[in-house]
Amino acid sequence: MSNNVSNASAQSNTSDINDGSLQEAANTEPMLAATSSDSVSNTPDVELLDIDALLDNDGSLQEAANTEPMSAATSSESVSNTPDAEVLDIDSLLDIADDVAITWVRKQGDLDEVIDALATCGRVALDTEFIKRDTYYPRLALVQLNTGNHVYLLDAPQLQLAELWEALRKVDVAIWHACGEDLGIFYLLSGCPPLTNIFDTQIALSYLTGQLQMGYQQALADQLDMHIDKEHSQSDWLQRPLTDEQEQYAIDDVRYLPALYLSIEHELKAQGLYDYVWADCQLYASDLYDTQHVEDEAMYLTMADYRYNSQQMAILKGVATWREELARATNQPRTFVIKKQAVREIVTEKPNSMRELAHKTTMHRSMLRLYGEELLKVIRDAKSLPPTEHPDCLVPPYRSKNKVLSKAVQQAIDEHAREIGIPASVLMRKKWLGQLYEVVALDKDVSELPQGLKGWRNDWVVKILIPVIKKHKTELQQGMGIRVQ
């Protein structure tokens, strides 16, 4: 155990903690720029945001000082050169992070302290460590929580976590970085409905940088000039005790996450983008919930190809459903049962015998011996279905050498992205655009738009983007192989 880790009874060693929350700041004037970093200290009339004043008793941000909001066009680089601008004091944020108490929670009774802290902290930064190399169900090894002044390391295999999941639903802001796998585990283990309090710093940084998948290590380096080790992400998190290096890695994953959040939030609000990011984070949380709750019979759609005919789609549906049920029943990864490449080979080759299954596909021989006959029956049953019972084929994507439509659409996207001050890749995702093309080409109602285009983007999509696409509807339909009447 590393030196900065205490037992479950450890108390905070910082002087500004009162009853599990940060004290209100004293009534003092804002710090002058001379107390900040060198790049700020030479700028006239620049004031540092008082970090203590930002952190109120429930751990949430107070309203900013009475200053005029900055325009969306104002970049983070220009803040320090603007007279009377407020600059976030990163050093103070990092000092708070360095002073947090660290507590291991290994006994069920000790979890009560964590639940109480979550009830009053307002926001919490969190991460998980798990193993999912050789099982269908992930094995949760560790949950890390940072309530602002306290990092808790929860020894998940030793604990019943139902109360924790419920408490996390109720906090105002749950801060994650790249929460896809973590939320998948949360939904799987908790049985909770979609979370509505998610703030994913990776999503937020895409608004500020245009980089869609910035890693946590780079995020800390770029935003906070903080450098951490990420070498232990693939280590054995179920071993006990953890090595000192693993423990430090787990702590660092959440130690600086509140500071990263505050830094990003400050920039987003200065540029008028926070509400957009918040909405997209909740959209992502909902999408992850839907992904986690796909019915077995619908799993085939994750592997479907528009080039498959209806019988091939029927075979794909049968094989994908069989694979999902077997993987879950035997608690092994889907790819251990049969890899996607082998599934595609089965769909295209339509094997009729064990010999054909062995020679025309790359299905692993051990699985072939165990389940080959069973799989052949699934294939035969799918092939024997009447056409009326085949699944629908996918609509082909838009493809055309004529770039008039693509250029017009991209111009509309670029113009709106500049207007609101976000990257075009964040405003419109490739998947959404393909779904939008399908809605227009097939004359579907706008209610069938993807969820991502029903929120704050909807007014622009309906009033600006759809009319642009409709001007080139014939080209669109031809590019999608749709017969024009």
Side-chain angles (χ1 to χ4, degrees), residues 128-141 156-157 178 180-185 187-189 213 231-239 288 290-385 389-394 431:
T128 65
E129 308 298 343
F130 56 90
I131 303 292
K132 196 185 177 182
R133 299 190 189 99
D134 56 0
T135 59
Y136 179 89
Y137 295 103
R139 291 176 287 177
L140 185 60
E181 291 186 319
D182 302 286
L183 272 193
I185 292 175
Y187 290 138
L188 178 65
L189 299 180
Q213 294 184 321
E231 293 182 0
H232 298 278
S233 60
Q234 299 300 315
S235 59
D236 183 2
W237 288 102
L238 288 169
Q239 71 175 5
L288 290 170
D290 292 340
T291 299
Q292 188 64 44
H293 291 82
V294 173
E295 297 291 336
D296 290 352
E297 292 77 12
M299 286 300 298
Y300 76 101
L301 292 172
T302 64
M303 294 182 282
D305 191 301
Y306 72 93
R307 288 163 292 199
Y308 292 161
N309 60 37
S310 63
Q311 187 186 66
Q312 289 175 318
M313 290 291 284
I315 295 172
L316 175 64
K317 182 177 181 179
V319 172
T321 302
W322 170 82
R323 183 180 79 150
E324 190 70 16
E325 292 173 348
L326 181 59
R328 185 170 54 249
T330 56
N331 193 25
Q332 56 184 323
R334 300 177 185 96
T335 55
F336 280 28
V337 175
I338 181 170
K339 297 183 184 299
K340 284 187 176 182
Q341 176 61 31
V343 173
R344 288 191 288 267
E345 292 161 352
I346 289 170
V347 170
T348 56
E349 297 294 337
K350 306 176 187 176
N352 293 306
S353 65
M354 287 287 285
R355 181 179 178 82
E356 290 184 358
L357 197 57
H359 287 85
K360 293 184 176 182
T361 78
T362 54
M363 186 175 179
H364 196 278
R365 293 300 176 260
S366 63
M367 299 303 291
L368 188 62
R369 287 192 296 270
L370 287 172
Y371 302 107
E373 292 295 346
E374 184 177 329
L375 177 57
L376 284 171
K377 182 178 184 305
V378 170
I379 298 169
R380 286 194 295 269
D381 289 347
K383 290 165 66 174
S384 66
L385 289 174
E389 295 183 21
H390 289 171
D392 292 333
C393 295
L394 298 188
K431 179 180 178 180

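The shown structure was predicted, so the numbers you read here are calculated from the model rather than taken from an experiment.
- Residues Tyr371 and Val337 fail the side-chain proximity criterion, which asks for heavy atoms closer than 4.5 Å.
- Across all non-hydrogen atoms, the minimal contact from Ala382 to Ile315 is CB-CA, 3.6 Å.
- Counting heavy-atom neighbours within 6.0 Å of Asp392 CG, excluding the residue itself, gives a total of 12 or less.
- Looking at heavy atoms from C-beta onward, Leu375 lies in side-chain contact with Ile346 at the 4.5 angstrom threshold.
- With a 4.5 Å cut-off on side-chain heavy atoms, Ile131 and Gln239 do not count as touching.
- Residues Pro391 and Tyr300 meet the side-chain proximity criterion, which asks for heavy atoms closer than 4.5 Å.
- Annotation: the span from Arg344 atom CZ to Glu349 atom CD amounts to 13.0 Å, rounded to 0.5 Å.
- Salt bridge absent: Lys317 and Asp296 never bring a charged side-chain N and a carboxylate O closer than 4.0 Å.
- Remark: the backbone N or O of Asp381 is paired with a side-chain donor or acceptor of Ser384 at under 3.5 angstrom.
- Of the possible polar contacts, none joining the Thr135 side chain to the Lys132 backbone as a donor-acceptor pair under 3.5 Å is found.
- No more than 12 heavy atoms of other residues, nucleotides or ligands sit less than 6.0 Å from atom NZ of Lys377.
- Between atom OH of residue Tyr136 and atom CG of residue Leu188 there is a gap of 8.0 Å, rounded to the nearest 0.5 Å.
- To the nearest 0.5 Å, the span separating CG on Leu357 from CE on Met363 amounts to 6.0 Å.
- Side chains of Tyr308 and Val347 form a contact here, defined as non-hydrogen atoms less than 4.5 Å apart.
- In Glu374, the CD atom is crowded: over 12 heavy atoms of neighbouring residues, nucleotides or ligands sit closer than 6.0 Å.
- Gln332 CD to Asp134 CG: the interatomic distance, rounded to the nearest 0.5 Å, is 9.5 Å.
- The side-chain heavy atoms of Met354 and Leu376, taken from C-beta on, include a pair separated by under 4.5 Å.
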Any chance you could lay out the side chain to side chain contact (heavy atoms under 4.5 Å, CB included) test for His293 and Tyr187, step after step, and finish with the verdict?
-> CA-CA 9 Å; His293 291 82; Tyr187 290 138; 4.2 Å; yes

Could you please spell out the steps behind the side chain to side chain contact (heavy atoms under 4.5 Å, CB included) verdict for His364 and Phe336?
-> CA-CA 9 Å; His364 196 278; Phe336 280 28; over 6 Å; no

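- Glu345 contributes a side-chain N or O that, together with a main-chain N or O of Thr362, makes up a donor-acceptor pair within less than 3.5 Å.
- The environment of NE2 in His390 is crowded: more than 12 heavy-atom neighbours from other residues, nucleotides or ligands sit within 6.0 Å.
- Although no hydrogens or angles enter the test, the distance criterion places a donor-acceptor pair under 3.5 Å between the side chain of Arg323 and the main chain of Ile338.
- Here the CD atom belonging to Glu295 is positioned 12.0 Å from the CG atom belonging to Leu301, to the nearest 0.5 angstrom.
- Separating the OG1 atom in Thr321 from the CE atom in Met299 is a distance of 9.0 Å, to the nearest 0.5 Å.
- With hydrogens and angles disregarded, a donor-acceptor distance shorter than 3.5 Å links the side chain of Asn331 to the backbone of Tyr137.
- When the shell of 6.0 Å around CD of Gln213 is examined, it contains 12 or fewer heavy atoms from other residues, nucleotides or ligands.
- Taking both residues in full, the closest heavy atoms of Ala141 and Pro157 are given as O-CD, 3.3 Å, listed atom of the first, atom of the second, then distance.
- At least one donor-acceptor pair closer than 3.5 Å links the side chain of Gln312 to the backbone N or O of Asn309.
- The two residues Thr291 and Val294 have their closest heavy-atom pair at O-CG2, 3.4 Å.
- Within a 6.0 Å sphere centred on CD of Gln292, other residues, nucleotides and ligands contribute more than 12 heavy atoms.
- Judged by distance alone, with hydrogens and angles left aside, the side-chain atoms of Arg365 form a donor-acceptor pair with the main-chain N or O of Ala358 at under 3.5 Å.
- At least one side-chain heavy atom of Ile379 sits less than 4.5 Å from a side-chain heavy atom of Pro351.
- At distances below 3.5 Å, at least one donor-acceptor pair connects side-chain atoms of Glu356 with backbone N or O atoms of Asn352.
- Here the side chains of Lys350 and Gln311 are in contact, with some heavy-atom distance below 4.5 Å.
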